[in-house]
Student: 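Handing you this structure, nothing more for now.
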Amino acid sequence: MNLHEFLSIFISAVFIYNVILSRFLGLCPFVAISKETKPAFAMSAAVTFVITASSAVTWVIYRFLLLPFNLAYLRTLSFVLVIAALVQLIEMIIRKVSPALYRAFGIYLTLITTNCAVLGAAVLNIDMFFVKGKPVVGSFYYSLFQGVCMGLGYTLAMLIMSGIRERLEFCKVPRALHNFPIAFIIASVLSLSFMGFNGFKF
Amino acid sequence: MKSLVKEFTKGIIRENPTFVLVLGLCPTLAVSVSVANGIGMGVAATFVLLGSSMIVSLVKNFIPDKIRIPCFIVVIATFVTITELCLKAYSPVLDRALGIYVPLIVVNCIVLGRAEAFACKNNLASSFFDGLGMGVGFTLALVIISAIREFLGTGQVLGHTLIKRFEPPFVFGMPSGALLVIGLLLGLFNLIKDRKR
């Protein structure tokens, strides 16, 4: 476990394998909620928060519940249920503790339950930081950090996209390309520019 | 009988999950690099869709309304796990190519959408044909997108070279090409819809 490792996780999760633009996880909210910057930011904040929390929780469940009892094949089932329960719990806590925060991203929280970015991050962590059913050294911290970084990558893509789409309001888009099609074409150009990070090597 | 045929055909064109309902795009874009991968993903998703639709329509009367979504998710996740294990055992190459997108079928909106919108209100036979039709429609969309991408990205379709002396722009094999192809295809479908009106 060293700084070098963390840096490489950061670069690869935020830029090279960006959750949205390269791994295509969480595309639905990316296209649906990216028309204005403010809700887009609230959504990304909620996603980042949930990915981080679920990375930690799913790691603990996999390491201390599924592996010792030889239940690794229940991974998908247990992760989905745990994430759904976790999102509900977070929602309840936020509503109780901070109503202002709840108003800011409360409705987005419920949407996250079936967001593939959250489950994707959990599965990726297990695939990357467990070798033959054994956690690598510092596995928990790597998983947690990768969760944070994937959330940051999500936020970055969301902010760029919503900024562009706000300006798009003033442009004349061909009728057939309104809404979804033009959003995908913009995302394609964004993804093309993110490909430039592919050359980063450590 | 006639209505069963209708349940089957509506998923293929009129309510195509990818092009008309715009659902379940994440796996569509991620695995459509080659036609073989596209078909593999399509068949896997169809299997999950069929199984979960049938089970949900069978047990719909025993599930309390308030906890129906978690119950559906458990049913779907069971079928996804079966798919995962079968793929690992019988086709490890395809399993590696599809990667994390196999477990992610569980959060594919098409599957949960059909359970919630159709299977929990209809009988076994119509749920079966609805699931089959949606699965075929999804597979068809995947084949179209992946054929375009594989041809433009590598100059081949299913390993056969179609045109000699064609210099393929390899960007179509990259994530960026996938987004461009789906954007233009959705635009094309809008154009056709507008013309028809």
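Each chain gets a letter, A, B and so on, in the order the sequences are listed, and its residues count up from 1. Worth saying up front: this structure is predicted, and the values here are computed from it rather than measured.
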Student: Quick one: which residues of residues 26-48 of chain B reach chain A at under 4.5 angstrom, heavy atoms only?
Tutor: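 Within residues 26-48 of chain B, the residues under 4.5 Å from chain A are B/C26, B/L29, B/A30.
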Student: What residues of residues 122-131 of chain A sit under 4.5 Å from chain B when only non-hydrogen atoms are counted?
Tutor: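 Counting heavy atoms that sit under 4.5 Å from chain B, the residues of residues 122-131 of chain A involved are A/V123, A/L124, A/D127.
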Student: Within residues 64-81 of chain A, which residues come under 4.5 Å of chain B, heavy atom to heavy atom?
Tutor: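 Checking residues 64-81 of chain A against chain B gives A/Y73, A/R75, A/T76, A/L77, A/V80, A/L81.
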Student: Can you confirm whether more than 12 heavy atoms, excluding those of B/K10, are under 6.0 Å from its NZ atom?
Tutor: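 More than 12 within 6.0 Å, yes.
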Student: Which answer fits B/F189, side chain, backbone, both or neither, if we ask what part of it has an atom under 4.5 Å from a heavy atom of chain A?
Tutor: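 Neither part, no heavy atoms under 4.5 Å.
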Student: Which one of A/L25, A/V31, A/L177, A/L119 has the most heavy-atom pairs closer than 4.5 Å to chain B?
Tutor: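 Looking at each of A/L25, A/V31, A/L177, A/L119 in turn, A/L119 comes out on top.
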Student: With chain A, which of B/I100, B/N108, B/L191 has the greatest number of heavy-atom pairs at distances under 4.5 Å?
Tutor: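 Maximum pair count with chain A is reached by B/I100.
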Student: For atom CD of A/E36, decide whether the heavy atoms of other residues, nucleotides or ligands shown that lie under 6.0 angstrom number more than 12.
Tutor: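 Atom CD in A/E36 is not packed in, count stays at 12 or less.
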Student: Report the option among B/L25, B/T81, B/L104 that has the most heavy-atom pairs separated by less than 4.5 Å from atoms of chain A.
Tutor: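 The option with the most such pairs is B/L104.
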Student: If you count every heavy atom of other residues, nucleotides or ligands that lies below 6.0 Å from B/F118 atom CZ, does the total exceed 12?
Tutor: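 Counting other residues, nucleotides and ligands, CZ of B/F118 exceeds 12 neighbours.
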Student: Under 4.5 Å heavy-atom distance to chain B, tell me which part of A/A187 shows up: side chain, backbone, both or neither.
Tutor: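 When you check distances to chain B, atoms from both the backbone and side chain of A/A187 fall under 4.5 Å.
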Student: Among B/V74, B/L188, B/L85, which has the most heavy-atom pairs under 4.5 Å with chain A?
Tutor: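 If we count pairs closer than 4.5 Å to chain A, B/V74 comes out on top.
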Student: So if I take each residue of residues 173-184 of chain B and look for any heavy atom under 4.5 Å from a heavy atom in chain A, which residues do I end up with?
Tutor: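 So the qualifying residues are B/M174, B/P175, B/S176, B/A178, B/L179, B/L180, B/I182, B/G183, B/L184.
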